[in-house]
Amino acid sequence: MAYSLKAPSSVRAKLRLSNPWTQNFISGVILFLTVGIYLAVIGLGAGGGKPSSAHVSTIVYTSIYAVFSVTGFFGGSVMNTIGPKLTMTFGAMTFPLFIGGLWYYDASGNSWFAILGGIVGGMSAGLLWTVSGFIQFAYAEENDKGVYIAWQLFLLTIGSTVGAAVVFGITFYDTSLSGVPTSVYITFIVIMASATLVSIVGIIPSQNVVREDGTRLAVFTASDFRTEFKGCVHLLRDWRIVALIIPMAATEMSSALIPTLSAYSFNLRTRSLNSVLFWAVQIPATFLFSIILDNSKFRRRTRGVIALTVSLIIVLASWALTIAVQVKHGLKRGAPSPAWDWTDGEPFVEFVFVILLTGTAYAIDQMMVMWVIASFSNEPRLLARYGGFFKGMLSAGLCVAFGLEAGGVSYLTQTITQATLMVVSFPIMFILVSKCVMDTNYLHEATVIPPAHISGGKEVREGETQDT
């Protein structure tokens, strides 16, 4: 089957909501409007505020990810109980509260609202990410899993890039160390609020999703929360999932450190430009990497090994350069900020390469971990739990990263810690790809086909499915 990044032909002709590709696209749009803008704020460092705001904003982020790590773990339970539409809607609703809290702190100096926004935001983010992970894992056919992941990350990254570009445009002439103006916070709140409407209109029940050949996704009925709770706990008995905890936790930790270094080292307009570059480089990176993950010229396991090798090389290069720049320029906590501008030549150029490499590594490492976990099964209810667990562990890693920053740990120690965790992740994933990724065909597996006219009228129940 020829590889293509285009939408299915019938989708191009008629964008029906029940098409799996369309549902994945809508999920990506919601990420664009919520997480994309949220990450643009993180990318500015100090929550978009003055450098002196960094400590409080770090506490807010730590609160978000501490709560997120719990709600993410049980997000699959919630989604399997009330369905993807309500779960996604609840998940999107509170993102504006988070931005409002940062705005209030930057204007008043009172931190309570910002911390409250972080706690509530962490609860809802776990639900939103669970649904997005479920859709990209369960709705895609085997030879499209990489591109489904890429589309969601692509749209999310577009949101982050647009958000960062808005700030960059507003602060183009600002060479101070001040925070972003009020207009930025208002713009972000309006954008985030629109995601709730998109979710209500666009996300449909899983049992109504129909593939291109007319078959339905799966026999998918709501479960009770007690059953789902047990199912999530049962994940910890799967050695493959336990082995992936370190790779899942390490995959996004750099999104805490790199913006912090940028906020410390540069004036407002340059740190805004750095944020644009960090997210913009991920747009081509996600799709180029998906070509490796879904390339039908190679066997599935071979694709995994090639993709892991490419990812490892980029990760090693990015962290080596990050350490080298810190050591060369003496970037240390407590020392006066060099307040570099983009006109400062060598320091800026060196940091641009740090931004481009770490941005690329951030995108493709996350895709790699998602691809590996998605290869373990095609059973929709189980994949919902996988999606929630993945985001829960990712959030635990970010909680540690922001916790290190809040605790005043040196930048270099943070860098070495994160680099070590990411490098250790790769032998684990190489073992999982070599032992657990099977060269199977999605349409031949009982896990995902279950309409009556294909399964002979027999419903494929959980526990009777065959994992890949």
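What's counted below: heavy atoms across the whole structure, side chains too, no hydrogens, waters or symmetry copies.
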* Do you know the tightest heavy-atom contact between I119 and V67? -> O-CG1, 3.7 Å
* To do: Identify, with sequence neighbours excluded, every residue that meets ring pair (Phe, Tyr, Trp, His ring centres under 6.0 Å) alongside Y65.
  => F402
* Taking all atoms of both residues into account, what is the closest heavy-atom pair of V209 and P20, and its distance? -> CG1-CG, 3.6 Å
* What are the two closest heavy atoms between T157 and I283, and how far apart are they? -> CG2-CG1, 3.7 Å
* To do: May I ask you to check whether T270 and N267 show a side-chain donor-acceptor distance below 3.5 Å?
  => yes
* Can you name the closest pair of heavy atoms from F68 and G126 and give their distance? -> CE2-CA, 3.2 Å
* To do: Check whether the side chains of Y362 and E252 place a donor and an acceptor atom closer than 3.5 Å, and report yes or no.
  => yes
* **Test item: E350 side-chain N/O and V325 main-chain N/O as donor-acceptor pair under 3.5 Å** => no
* Do any N or O atoms from the side chain of T413 and from the backbone of V409 form a donor-acceptor pair under 3.5 angstrom? -> no
* **Sidechain-backbone polar pair: K85 side chain, I204 backbone, donor-acceptor under 3.5 Å** => no
* Asked: So, S124 side chain and T94 main chain: donor-acceptor pair closer than 3.5 Å or not?
  -> no
* **S311 side chain to A307 backbone, donor-acceptor under 3.5 Å** => no
* How far does OG1 of T260 sit from CD of E405, to the nearest 0.5 angstrom? -> 4.5 Å
* Structure fact -> Here the gap from T417 atom OG1 to L404 atom CG, rounded to the nearest 0.5 Å, amounts to 6.0 Å
* **ring pair (Phe, Tyr, Trp, His ring centres under 6.0 Å) partners of F289, counting only residues at least two apart** => none
* What pair of heavy atoms forms the shortest contact from Q418 to A401, and how long is it? -> NE2-CB, 3.9 Å
* Has the side chain of N24 got a donor or acceptor atom that lies under 3.5 Å from a matching backbone atom of Y148? -> yes
* Any donor-acceptor N or O pair under 3.5 Å, side chains S27, Q136 -> no
* May I ask you to test the F426-D365 pair for a side-chain heavy-atom distance under 4.5 Å? => yes
* What distance separates I59 CD1 from I115 CD1, expressed to the nearest 0.5 Å? -> 5.5 Å
* **Closest heavy-atom pair and its distance - V201, L17** => O-CD1, 3.8 Å
* Given ring pair (Phe, Tyr, Trp, His ring centres under 6.0 Å), test F287 with W151 step by step and report yes or no. => CA-CA 8 Å; F287 277 123; W151 265 106; 5.2 Å; yes
* Taking atom types as modelled, is there a side-chain donor on S18 or N208 under 3.5 Å from an acceptor on the other? -> no
* Asked: Does R271 make a cation-pi contact with F266, if we ask for NZ or CZ under 6.0 Å from the ring centre and within 45° of the axis?
  -> no
* To do: Evaluate the side-chain proximity of V35 to F95: yes if any heavy-atom separation is below 4.5 Å, no if none is.
  => yes
* Asked: Do side-chain atoms of T251 reach the backbone of P247 as a donor and acceptor pair under 3.5 angstrom?
  -> no
* **Side chain S132, main chain W129, donor-acceptor under 3.5 Å** => yes
* To do: Check for a donor-acceptor pair, side chain of S290 on one end and backbone N or O of V147 on the other, with a separation under 3.5 Å.
  => no
* Walk me through it: do T415 and Q326 pass the test side chain to side chain donor-acceptor pair (under 3.5 Å)? => CA-CA 9 Å; T415 305; Q326 288 181 62; 2.6 Å; yes
* **Any side-chain heavy-atom pair of S199 and M88 under 4.5 Å** => yes
* From T420 atom OG1 to W319 atom CH2, the distance as rounded to the nearest 0.5 Å -> 9.5 Å
* Structure fact -> The single option from T161, L156, V162 that satisfies side-chain contact (heavy atoms from CB on, under 4.5 Å) with I158 is V162
* Stepwise side chain to side chain contact (heavy atoms under 4.5 Å, CB included) check, L155 with I30 -> CA-CA 9 Å; L155 291 166; I30 294 170; over 6 Å; no
* Hey, are the side chains of Q23 and R16 touching, using non-hydrogen atoms and a 4.5 Å cut-off? -> no
* Verdict with reasoning, Y386 to F134, per ring pair (Phe, Tyr, Trp, His ring centres under 6.0 Å) -> CA-CA 8 Å; Y386 282 173; F134 164 71; over 10 Å; no
* Asked: Checking N110 side chain against W112 main chain: does a donor-acceptor pair fall under 3.5 Å?
  -> no
* Side-chain contact test, heavy atoms from C-beta onward, threshold under 4.5 Å: evaluate it for L312 versus L316 and give yes or no. => yes
* **Interatomic distance, I355 atom CD1 to W279 atom CH2 [nearest 0.5 angstrom]** => 10.0 Å
* Min side-chain heavy-atom separation M367-L293 under 4.5 Å -> yes
* Would you check if F389 and M248 make a side-chain contact, meaning some heavy-atom pair closer than 4.5 Å? => yes
* Between NE2 of H329 and OG of S265, what distance do you get to the nearest 0.5 Å? -> 9.0 Å
* Side chains of S262 and S275 in contact at under 4.5 Å (non-hydrogen atoms) -> no
* Go through L31 and L128 one step at a time and tell me if the side chain to side chain contact (heavy atoms under 4.5 Å, CB included) criterion holds. => CA-CA 8 Å; L31 293 180; L128 183 144; 3.3 Å; yes
* Stepwise, does the ring pair (Phe, Tyr, Trp, His ring centres under 6.0 Å) test hold for F168 with W342? -> CA-CA 13 Å; F168 177 60; W342 64 55; 5.7 Å; yes
* May I ask you to check whether Y411 and Y264 place their ring centres under 6.0 Å from each other? => yes
* Any chance you could lay out the side chain to side chain contact (heavy atoms under 4.5 Å, CB included) test for M192 and Y38, step after step, and finish with the verdict? => CA-CA 9 Å; M192 285 181 163; Y38 162 79; 3.8 Å; yes
* Quick one: do F113 and L97 satisfy side chain to side chain contact (heavy atoms under 4.5 Å, CB included)? Show the steps, please. => CA-CA 9 Å; F113 187 19; L97 184 66; 3.3 Å; yes
